[in-house]
S.K.: 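Have a look at this one before I ask anything.
Here the structure is a predicted model, which means the values were calculated and not measured.
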Amino acid sequence: MQITSNTTPETNIVEIEFNVNAEDFEKACNATYLKMRKNISLPGFRKGKAPRKMIETHYGEGVFYEDAVNDLYNLHIPKVIDETGLEIVAPPAIEVKEVSRENGVTYKVKFTVKPEVEIADYKGVEVEVQKREVTDEDIDRELELIRADNARIIDASDRSVKNGDEIVFDFTGFCEDELFDGGSATDFRLEVGSKRFIPGFEEQIIGKSVSEDFDVNVTFPEDYPAENVRGKDAIFKCTISEIYAKEAAELDDEFVKDISEFDTIAEFREDIRQKLEERFGENRDVKLEDAVAEKVVELLKAEIPQAMYEQRMDEMARDWAFKYNMEPETFARSTGSSFESYRESFREIAEKQIKFRLALDKISEVEDIQVSDDEIEKEYQKMADDNRMKIEKVREIASFENVKTDLKILKALELIKENASVTDVPYSPSEEEKAEMLEV
């Protein structure tokens with residue numbers, strides 16, 4: 001293999017041409033022939049016994065070229081990257097410029113490389129972080145959640161439905177006076193108020209009784225996954241057969257003894273306080289990291305190639321769908337969205353992540369942050385424990401250099417946090433947190 005050209009036509013793009021000589025190309029073609037011949041049949045020869053020359057005469061001289069060219073590329077591209085010292089940040093674009101028995105194979109590869117980064121004044125960044133103190137109301141709320149989790153289920157079929165009840169009911173849905181797929185069920189179990197059904201459905205069940213026939217009138221949302229009913233009015237014919245209610249236990253010392261290692265409510269409340277302090281502290285650390293990230297990204301100076309953002313968006317789209325054991329395209333369809341819209345929804349966070357990582361990477365370089373082999377081994381063991389895998393398997397998945405880089409970046413982050421000028425401000429719950437508080 002010989003590199004014949006190395007140019008930089010634009011920022012963060014490197015184009016390299018390299019040639020694999022005729023002798024190596026011939027060896028690759030012969031290896032491809034030996035690999036493929038068992039599946040090739042020619043008149044006059046048993047399957048897998050036809051000579052290479054006869055196959056090339058019958059199918060054309062280039063019959064083995066494509067596989068040979070691909071194999072040679074996969075063999076030599078790591079050598080090209082190693083020899084040039086390029087830091088590749090996205091899949092390359094490949095062009096085969098020439099293929100011939102006389103001259104071998106010439107490749108032209110366009111690489112997107114890591115951008116040059118500048119950053120200064122990252123020590124002492126000023127940030128504000130909400131600090132949440134544990135209140136008696138917080139502890140009371142936790143106790144109510146614990147009571148609810150330990151509530152016993154009782155038959156309440158002798159009264160009408162209340163919010164929070166679990167019912168068993170039949171329903172048949174009509175849209176424009178016609179039944180529609182997925183609109184009917186028998187003996188369906190539903191916790192009223194869980195918001196499993198479309199808006200307005202569950203509220204109309206409250207106050208109904210066992211064996212009472214009633215209608216639920218709703219309008220399907222415009223973004224409903226099933227296109228055939230989007231935005232349309234529907235009527236559901238319903239009949240409840242069973243009603244169940246949760247009966248929370250009395251909050252006393254006996255209850256505490258039954259569900260915990262403590263003997264009194266006072267001891268149990270103190271344990272809850274300590275756990276909430278730990279949780280709120282962890283939440284503060286997350287918010288501190290987010291605040292620091294915002295400041296550090298503002299300090300970053302770099303021309304970042306779009307390919308880095310696009311690749312990160314692909315990774316995030318794939319990883320999120322993987323949580324549901326689905327392909328990204330399939331997951332997007334299941335949410336009623338196009339794949340393009342689903343993927344685009346990750347752009348903002350992908351850009352922030354790329355910028356923050358580039359900044360931390362540069363800081364680790366400027367600060368000459370070091371990571372020992374022992375630290376890397378401990379990280380491998382942690383990864384193995386967290387994922388319930390053998391450490392040998394983790395080493396196959398995560399390269400030594402990648403783990404080393406990740407640890408350097410984490411150390412850079414800790415350095416910034418330790419040197420940040422942090423002002424604690426009073427806690428103000430988000431709208432989501434407010435809603436959760438109201439539900440308890």
S.K.: Please confirm whether the ring centroid of Phe64 lies under 6.0 Å from the ring centroid of Tyr59.
M.R.: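 That pair fails the under 6.0 Å test.
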S.K.: Mark yes when over 12 heavy atoms from residues, nucleotides or ligands other than Glu414 sit less than 6.0 Å from its CD; otherwise mark no.
M.R.: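 It does: Glu414 CD has more than 12 such atoms within range.
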S.K.: Verify the distance criterion only: is there a donor paired with an acceptor across the side chains of Asp170 and Thr239 at less than 3.5 Å?
M.R.: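 Result is no, nothing qualifies.
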S.K.: With a 4.0 Å cut-off, would you call Asp138 and Arg279 a salt bridge?
M.R.: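 Salt bridge: no.
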S.K.: Looking at Arg343 and Glu340, is there a salt bridge between them, counting it only when a charged N and a carboxylate O are closer than 4.0 Å?
M.R.: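 Answer for the salt bridge query: no.
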S.K.: Let's go through Glu202 and Lys195 carefully: what are the C-alpha distance in whole Å and the side-chain angles of both, what is the deciding distance for salt bridge (Lys or Arg N to Asp or Glu O under 4.0 Å) to 0.1 Å, and is it a yes or a no?
M.R.: CA-CA 7 Å; Glu202 295 174 34; Lys195 300 179 182 178; over 6 Å; no
S.K.: Take a 6.0 Å sphere around NZ of Lys35 and say whether it holds more than 12 heavy atoms from other residues, nucleotides or ligands.
M.R.: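 Yes - once you tally the heavy atoms of other residues, nucleotides and ligands closer than 6.0 Å, there are more than 12.
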S.K.: Between Asp386 and Lys382 (salt bridge meaning N to carboxylate O under 4.0 Å), is one present in this structure?
M.R.: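 Lys382 and Asp386: salt-bridged.
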S.K.: Which of these passes side-chain contact (heavy atoms from CB on, under 4.5 Å) with Phe201: Asn217, Val192, Val218?
M.R.: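 Among Asn217, Val192, Val218, the one that satisfies the side-chain contact (heavy atoms from CB on, under 4.5 Å) with Phe201 is Val218.
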S.K.: Can we say Arg284 and Glu277 salt-bridge, meaning some charged N sits less than 4.0 Å from an Asp/Glu carboxylate O?
M.R.: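 So Arg284 does not pair with Glu277 through a salt bridge.
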S.K.: Looking at Leu415, is its backbone amide N or carbonyl O close enough to the side chain of Asn419 to form a donor-acceptor pair, meaning the two atoms are under 3.5 Å apart?
M.R.: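 Here the side-chain-to-backbone pair exists.
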S.K.: Which residue, Glu303, Met308, Glu87, forms the side-chain contact (heavy atoms from CB on, under 4.5 Å) with Pro115?
M.R.: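 Testing each of Glu303, Met308, Glu87 against Pro115, the sole residue satisfying side-chain contact (heavy atoms from CB on, under 4.5 Å) is Met308.
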S.K.: Which value, rounded to the nearest 0.5 Å, describes the distance between Ile146 atom CD1 and Ile259 atom CD1?
M.R.: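 So the gap between those two atoms works out to 5.5 Å.
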S.K.: Decide whether Asp368 and Gln370 meet the rule of one side-chain donor and one side-chain acceptor closer than 3.5 Å.
M.R.: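 Side-chain D/A pair, Asp368 to Gln370: present.
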S.K.: If we count only N and O atoms by modelled type, under 3.5 Å, do the side chains of Tyr122 and Glu367 hold a donor and an acceptor together?
M.R.: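 Note: Tyr122 and Glu367 side chains meet the donor-acceptor criterion.
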S.K.: Does NZ or CZ of Arg347 lie under 6.0 Å from the centre of the six-membered ring of Tyr309, at an angle within 45° of the ring axis?
M.R.: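 Not flagged: Arg347 not positioned over aromatic ring of Tyr309.
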S.K.: Is a side-chain donor-acceptor pair under 3.5 Å present for Thr405 with Asn402?
M.R.: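 Note: Asn402 and Thr405 side chains miss the donor-acceptor criterion.
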S.K.: Side-chain donor-acceptor pair under 3.5 Å between Asp385 and Gln381, yes or no?
M.R.: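 The answer is yes; a qualifying pair exists.
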S.K.: With no hydrogens and no angle check, is any side-chain donor or acceptor of Asn21 less than 3.5 Å from a backbone partner on Glu23?
M.R.: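 Such a contact is found between Asn21 side chain and Glu23 backbone.
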S.K.: Between Thr106 (side chain only) and Lys97 (backbone N and O only), is there a donor and an acceptor less than 3.5 Å apart?
M.R.: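 Here the side-chain-to-backbone pair does not exist.
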S.K.: Is the backbone of Lys53 close enough, under 3.5 Å, to the side chain of Thr57 for a donor and an acceptor to pair up by distance?
M.R.: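 Judged by distance alone, yes, a pair lies under 3.5 Å.
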S.K.: Could you state the interatomic distance from CD (Glu401) to CD1 (Ile376), rounded to the nearest 0.5 Å?
M.R.: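 One gets 7.5 Å once the value is rounded to the nearest 0.5 Å.
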S.K.: Answer yes when Lys275 and Asp271 have at least one side-chain N-carboxylate O distance shorter than 4.0 Å, and no when they do not.
M.R.: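 Yes, this pair counts.
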S.K.: Salt-bridged, Glu278 to Arg273, with N to O below 4.0 Å?
M.R.: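 Salt bridge absent between Glu278 and Arg273.
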S.K.: Is the distance between the ring centroids of Tyr65 and Phe25 less than 6.0 Å?
M.R.: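 So the answer is yes for these two rings.
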S.K.: Check Val394 against Ala384 and note the closest heavy-atom contact, atom names and distance.
M.R.: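 Closest heavy-atom pair between Val394 and Ala384: CG2-CA, 3.7 Å.
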S.K.: Do any N or O atoms from the side chain of Lys232 and from the backbone of Cys175 form a donor-acceptor pair under 3.5 angstrom?
M.R.: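 Pair absent, no side-chain N/O of Lys232 close to backbone of Cys175.
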S.K.: In Å and rounded to the nearest 0.5 Å, what is the NZ to CZ distance from Lys108 to Phe18?
M.R.: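 Here the rounded value is 13.5 Å.
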S.K.: The test is ring-ring contact (aromatic ring centres under 6.0 Å, His included); show your working for Phe171 and Phe197 and say whether it passes.
M.R.: CA-CA 12 Å; Phe171 60 88; Phe197 281 27; 5.7 Å; yes
S.K.: Of the non-hydrogen atoms in Ala22 and Glu102, which two are nearest, and what is the gap between them?
M.R.: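 For Ala22 and Glu102, the tightest heavy-atom pair comes out as CB-O, 3.4 Å.
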S.K.: How close do Gly173 and Phe236 get, heavy atom to heavy atom, and via which atoms?
M.R.: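 Looks like CA-CD2, 3.5 Å.
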S.K.: Can a salt bridge be assigned to the pair Lys404 and Glu379 using a cut-off of 4.0 Å between side-chain N and carboxylate O?
M.R.: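 No, Lys404 and Glu379 are not salt-bridged.
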S.K.: Hey, are Arg318 and Glu315 close enough for a salt bridge, meaning a charged N less than 4.0 Å from a carboxylate O?
M.R.: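 Glu315 and Arg318: not salt-bridged.
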S.K.: I would like to know whether Glu222 and Tyr224 meet side chain to side chain donor-acceptor pair (under 3.5 Å); could you show each step before the answer?
M.R.: CA-CA 6 Å; Glu222 294 291 344; Tyr224 194 73; over 6 Å; no
S.K.: Starting at CD1 of Ile88, measure out to CZ of Phe111 and round the result to the nearest 0.5 Å.
M.R.: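 CZ of Phe111 is found 5.0 Å from CD1 of Ile88.
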S.K.: Assess the residue pair Ile139 and Leu276 against the criterion (side chain to side chain contact (heavy atoms under 4.5 Å, CB included)); give the C-alpha distance rounded to whole Å, side-chain angles, the decisive distance to 0.1 Å, and a yes or no.
M.R.: CA-CA 8 Å; Ile139 298 173; Leu276 286 176; 4.2 Å; yes
S.K.: How far apart are the closest heavy atoms of Glu56 and Arg101, and which atoms are they?
M.R.: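 In this case the closest contact between Glu56 and Arg101 is OE2-NH2, 2.9 Å.
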S.K.: Is a side-chain N or O of Glu15 found less than 3.5 angstrom from the main chain of Val109, in a donor-acceptor match?
M.R.: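 Checking the backbone N and O of Val109 against the side chain of Glu15, no donor-acceptor pair under 3.5 Å is found.
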S.K.: More than 12 foreign heavy atoms under 6.0 Å from CD of Glu126: is that the case here?
M.R.: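 Count not over threshold, so no.
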S.K.: With a cut-off of 6.0 Å (strictly less than), are more than 12 heavy atoms of other residues, nucleotides or ligands near CD of Glu116?
M.R.: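 Atom CD in Glu116 is not crowded, with 12 or fewer foreign heavy atoms closer than 6.0 Å.
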S.K.: Can we say Lys352 and Glu348 salt-bridge, meaning some charged N sits less than 4.0 Å from an Asp/Glu carboxylate O?
M.R.: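 Salt bridge between Lys352 and Glu348, a charged N being under 4.0 Å from a carboxylate O: yes.
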S.K.: Nearest 0.5 Å please: distance from the CD1 atom of Ile349 over to the CE atom of Met316.
M.R.: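 The CE atom of Met316 is 5.5 Å from CD1 of Ile349, to the nearest 0.5 Å.
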S.K.: Do you know which two heavy atoms are closest between Leu299 and Ala120, and how far apart they sit?
M.R.: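 Reported closest heavy-atom pair: CD1-O, 3.6 Å.
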S.K.: If we check side-chain contact (heavy atoms from CB on, under 4.5 Å) with Tyr107, which of these qualifies: Leu72, Ile77, Asn19?
M.R.: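 One option only clears the test, and that one is Leu72.
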S.K.: When rounded to the nearest 0.5 angstrom, what is the spacing between CZ in Arg132 and CZ in Phe280?
M.R.: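 It is 3.5 Å, given to the nearest 0.5 Å.
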S.K.: Give a yes or no on whether the backbone of Asp233 and the side-chain of Thr219 come within a donor-acceptor separation of less than 3.5 Å.
M.R.: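 Not confirmed, Thr219 side chain does not pair with Asp233 backbone.
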S.K.: Would you mind checking if Lys246 and Asp149 are paired as a salt bridge, meaning a charged N to carboxylate O distance below 4.0 Å?
M.R.: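 The answer is no: the pair does not qualify as a salt bridge.
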S.K.: Inspect the surroundings of NZ in Lys417 and state if more than 12 heavy atoms from other residues, nucleotides or ligands are less than 6.0 Å away.
M.R.: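 Enclosed: over 12 neighbouring heavy atoms sit under 6.0 Å from NZ of Lys417.
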S.K.: Mind listing the closest non-hydrogen atom pair of Ala50 and Leu42 along with its distance?
M.R.: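 Taking Ala50 first and Leu42 second, the nearest heavy atoms are CB-CD1, 3.7 Å.
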S.K.: Going by atom types alone, do Asn103 and Glu98 pair a side-chain donor with an acceptor below 3.5 Å?
M.R.: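 A pair is found: one side chain offers a donor N or O, the other an acceptor, under 3.5 Å apart.
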S.K.: Let me see the working for Arg312 and Gln353 under side chain to side chain donor-acceptor pair (under 3.5 Å), right down to the final yes or no.
M.R.: CA-CA 9 Å; Arg312 182 59 186 143; Gln353 287 181 356; 2.7 Å; yes
